[in-house]
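Just so it is clear: chains get the letters A, B, ... in the order the sequence lines come, proteins before strands, and each one is counted from 1. Keep in mind the model is a prediction, meaning the values are calculated, not measured.
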Protein chains: 2
Amino acid sequence: MNDDAPDDDPRRNAILTAAAELFIENGFANTSIDAIIERVGGSKRTIYALFGNKTGLFEAIMRAHATRLFDESGGFDAKDLPLPERLERFATKLLRLIAQPRTIGIYRLVASEAGRFPELGRLFRDLGPRQGRVWLAQVIAQAAQAGEIKAADPDAAARQFLGLLRSDLLFDLMLGLRATPDDDEIADIAHAATTVFLHGVSVD
Amino acid sequence: MNDDAPDDDPRRNAILTAAAELFIENGFANTSIDAIIERVGGSKRTIYALFGNKTGLFEAIMRAHATRLFDESGGFDAKDLPLPERLERFATKLLRLIAQPRTIGIYRLVASEAGRFPELGRLFRDLGPRQGRVWLAQVIAQAAQAGEIKAADPDAAARQFLGLLRSDLLFDLMLGLRATPDDDEIADIAHAATTVFLHGVSVD
DNA sequence: GCGATATGGTAACATATATTACCAAGTCAA
DNA sequence: TTGACTTGGTAATATATGTTACCATATCGC
């Protein structure tokens, strides 16, 4: 009933945090309310009072994490830097965010539950990756207009750069095939992707 | 007990097909043995006789689909063609395979169940994408040695090309954000990726 | 034709778990 | 202090479902 400041409710936050860890680790179906209570303490009654039911809790968690990704992915801009450094800095920041185990777990959850929660996919596209994509497309469009690069379709070029960035990293992480890269490796991938991309769209 | 030709057992194949559809559509936890039997007919007893238990059935399905992906992703070679056409043909074939709803569903399953089935990820990496990656790396290495392109690390370049190819397509599909692309769009993506990649690794 | 085996059909069993109920203890305003 | 409200703790309820059992029937080798 208290809609004023749900973010300041410590009980609610503790439940969200513990439940998020379990959902991310074990998935929706394999996380029981009992397990959540066992980790956070207290009574099941509180969960049902705050979130209604299990799917309500899940949706609240997803919403919280979507806005978190949105906040952390913001602030890419560094207008004073030349294009290569600007792109590489963006690439590094984005990779660092994406490669986090928590982010990987969220993506796994969204992928596996998107069928049962149709709004989930849209929520994450609009709040998460879309921001980066839009920002990137703008930067590319400006650079193209300034004659720095050649990009007939800035949006498609932005998608290509993002794909180039992720290369196989995201898939290997999602499939549990490799460990989280350290900062050095992230820097290498970001540098290599920026180099190939800029060379690929250069004006001969 | 009959290990000779399990592929020729029509009962077994019918169960595998029906169960695969349900697993892909609803996930592992949300697919019940009863639902499988309701679709394929017959008795649960048969499932337990053939596969032991639910996880045995799941693993058999995953193994079957992994080998299927392996078979269908093979045969990329077209040695007589020049490099751009060769890469573009590879890209088209791979995208067509990857974008299939069935393949997308399999990836979703692997991503969400990799935690509980540690061999799953490895199985798909070794049988599926790795083949394409290895083939691609070889082609790139040969082209680099012939001076056609510049690629200090053919394996990394292959990963980049794959990432460029998928761009955001695979993610949007996995998150249920868009429909399966038709052949025209696949051809466009394959062409654009090949163009940017070859330009990006060109010898100035 | 006959017996072993596989399969269909149904029910039983055990367990997990989402959800609700109930009561005691604590909290906080007036 | 008092009383409304929230929370903790435990148990009860309902249901879903993996797994096994049982029996009748069909299939297939001999």
Nearest whole angstrom, please: distance from the [atom2] of [N] to the [atom1] of [X].
| X | N | atom1 | atom2 | value |
| --- | --- | --- | --- | --- |
| B/R11 | D/dA26 | CZ | P | 16 Å |
| B/I36 | D/dT19 | CD1 | P | 11 Å |
| A/Y48 | D/dG9 | OH | P | 17 Å |
| B/I33 | D/dA16 | CD1 | C1' | 13 Å |
| A/R45 | D/dT7 | CZ | P | 11 Å |
| A/D34 | D/dG9 | CG | C1' | 12 Å |
| B/I37 | C/dT10 | CD1 | P | 12 Å |
| A/I47 | D/dG8 | CD1 | C1' | 13 Å |

Using a strict threshold of under 4.0 Å (side-chain N to carboxylate O), is an ion pair present between [Y] and [X]?
| X | Y | result |
| --- | --- | --- |
| B/R122 | B/D126 | no |
| A/R116 | A/E113 | yes |
| A/R125 | B/D172 | no |

- request: Please check if atom CD in A/Q145 has more than 12 non-hydrogen atoms from other residues, nucleotides or ligands closer than 6.0 Å.
  value: no
message: Taking atom CZ as the centre, does A/R68 end up with more than 12 heavy-atom neighbours from other residues, nucleotides or ligands that are less than 6.0 angstrom away?
response: yes
query: Tell me, which of residues 17-31 of chain B have any heavy atom that sits under 4.0 Å from an atom in DNA chain D?
result: B/T31
message: Expected output is a numbered-order residue list: members of residues 110-118 of chain A with a heavy atom under 4.0 Å from any atom of DNA chain D. What is it?
response: none
Check: B/Y107 ring centroid to B/F171 ring centroid under 6.0 Å: no
- request: Answer whether the closest heavy-atom distance between the side chains of A/L173 and A/I98 falls below 4.5 Å.
  value: no
Side chain proximity check, B/N30 to B/L22, heavy atoms < 4.5 angstrom: no
- prompt: With sequence neighbours left out, what residues match B/R102 under salt bridge (Lys or Arg N to Asp or Glu O under 4.0 Å)?
  reply: none
- request: Tell me, please, which residues at least two apart from B/A156 pass side chain to side chain contact (heavy atoms under 4.5 Å, CB included).
  value: B/D153
message: Per the ring-ring contact (aromatic ring centres under 6.0 Å, His included) rule, what does the pair list look like for residues 32-55 of chain B, sequence neighbours excluded?
response: none
query: Of all the choices, D/dG9, D/dT7, C/dA12, which nucleotide is nearest to the side chain of B/K44 once you look at every atom?
result: C/dA12
message: With a 4.0 Å limit, can you tell me whether B/T46 has a side-chain N or O closer than that to the phosphate oxygens OP1/OP2 of C/dG8?
response: yes
message: Using a strict heavy-atom distance below 4.0 Å, which residues from residues 52-61 of chain A are in contact with DNA chain C?
response: A/N53, A/K54
